[in-house]
Amino acid sequence: MTSLTTQLSEEPRIKGFILLTSLMSRLGREHKNLEPVEEFILFQGLMGVLAILPFAVWRFWSGNIEQGMVDLLIVVFMVVIGAYVFATGRYRLAGIIFTMTYSLGMVLSVYVRGTELLFWAYPVTLACYFTVRLKEATAISLMCLALVTWLIRDIVEPSEMLRFVVTYVLVAMFAFIFARRVHHDRVRLSVAATVDSLTGAGNRRAMDDEIESVVSSFSRRPMPVSLVLFDIDHFKRINDNHGHGVGDQFLQRFVEFMQVLLRRNEKLFRLGGEEFVVIVEGDVQEAQNLADQIRHLLEKTRLIPGLSVTVSVGVAQLREKEDSRDWMKRADDALYRAKHYGRNQVCSATTN
Ligand SMILES: Nc1nc2c(ncn2[C@@H]2O[C@H](COP(=O)(O)OP(=O)(O)OP(=O)(O)O)[C@@H](O)[C@H]2O)c(=O)[nH]1
């Protein structure tokens, strides 16, 4: 804070810029990581206000009250929705309301001013594909097209109407194709960034994010939650005696085996090598019972025919005011004890 103040007094010319960017980044950092759609809604809101507000003022100034009211209504809606999204992060419903608002605003403008404002239909249909799902965007686009063509049916020549319909449909179609591509790429990238490619379990990055999110929701609403750390015993021997391929195969079967036993809300992550983590919604006793059942079952199961494998487990329940690093460290210490006392067992960290 001190350095920022000093910087501002030293460089008055860039004062406004620094103040704005530091405020934005501080808000972003302290509030949350914004989703792309969320960002886009906020960006659209800001751009919408900057683009429409001068028109609203000018229209009131020049006595065009009706259109001025339409413009002003759109601006007010954008500000309210933008503030709601920023405050709550609930961008799904906000996205629909936001899109409906500017789409209906465009239709209303055509109703009030006729073909004079028809060109707004293009950016409006384009924007739909960035704020709501593909099907919803297509439905809103078609609804706008139907309403607008009905409104201008008596005031434009059939050839002009045809030109408008064809160009509008083309814009909507390109927006659809582009948005679908972006969506598929996002899904692909998100899987690549969060899933362990060998086993299909969540990867280390996904685990870190999940643990951070669990710790932060625990600080707001403390509910018992435990970290369970699994480490396959003498895994190196599998590689050494049967080859790396069999080791890989064992890891894959181990994840399948775990996923059958875990509940839907108990996500499995691969910490690295032959170490896996599960976050259990429950106290240390519940987590320990689950871990022991899994350990016991694995002991009796041959995931690879002829291969007997056991697992050591460390359990730690999240303490009040504890951060993710300390929580993980206690689970890791418990795992170390399980290894140290002979493997194939579950050890728990004390909670108090
Ligand atoms: N096949 C295979 N092996 C891996 C993979 N990642 C790590 N490893 C091997 O896992 C082994 C882990 O060895 P250690 O850390 O000594 O653990 P350990 O043999 O299970 O011994 P303890 O944990 O003390 O019971 C190493 O030989 C690594 O090469 C992988 O993706 N596939």
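Whatever order the structure lists ligands and atoms in, that order sets their numbers, starting from 1. Values in this document were obtained by computation on a predicted structure and should not be read as measured data. Keep in mind that the numbers below use all heavy atoms, side chains included, and drop hydrogens, waters and symmetry copies.
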TODO: Apply the test salt bridge (charged side-chain N to carboxylate O under 4.0 Å, His left out) to residues K329 and D333: give CA-CA distance (whole Å), side-chain angles for both, the deciding distance (0.1 Å), then the verdict.
DONE: CA-CA 6 Å; K329 164 101 176 49; D333 290 346; 2.9 Å; yes

TODO: Identify which of E274, Q252, R270, K236 has a heavy atom lying nearest to atom 5 (C) of ligand 1.
DONE: R270

Task: Heavy-atom nearest neighbour of atom 22 (P) of ligand 1 within options H242, H340, K339 - done: K339

May I ask you to say whether [X] pairs ionically with [Y], meaning some side-chain N is under 4.0 Å from a carboxylate O?
X	Y	answer
D326	R330	no
E281	R263	no
K339	D233	yes
R295	D292	yes

Those atoms of ligand 1 less than 4.0 Å from some heavy atom in [X]:
X	result
D233	20 (O), 25 (O)
L251	30 (C), 31 (O), 32 (N)
G247	1 (N)
L198	31 (O)
G273	6 (N), 7 (C)
R343	22 (P), 24 (O), 25 (O)
D248	1 (N), 2 (C), 30 (C), 31 (O), 32 (N)

- [ ] If you have a sec, work out which protein heavy atom is nearest atom 29 (O) of ligand 1 and how many Å separate them, to one decimal?
- [x] N239 ND2, 4.1 Å

Open item on the list: One residue to check: I232. Relative to ligand 1, which of side chain, backbone, both or neither has a non-hydrogen atom less than 4.0 Å away?
Closed with: backbone

Open item on the list: Under 4.0 Å, heavy-atom basis, I'd like to know which part of R237 is in contact with ligand 1: side chain, backbone, both or neither.
Closed with: neither

Task: Reported CE-to-CZ distance for the pair M69 and F60, which is rounded to 0.5 angstrom - done: 5.5 Å

Task: N/O separation below 3.5 Å, F235 to ligand 1 - done: yes

Open item on the list: For F176 and Y129, take the angle between the two ring planes, folded into 0 to 90°, and tell me which bin it lands in: parallel under 30, tilted 30 to 60, perpendicular over 60.
Closed with: perpendicular

TODO: Kindly say whether T194 contributes a backbone atom to a donor-acceptor pair with the side chain of R205 at under 3.5 angstrom?
DONE: no

Open item on the list: Between Y168 and S141 (side chain of the first, backbone of the second, donor and acceptor by atom type, cut-off under 3.5 Å), is there such a pair?
Closed with: yes

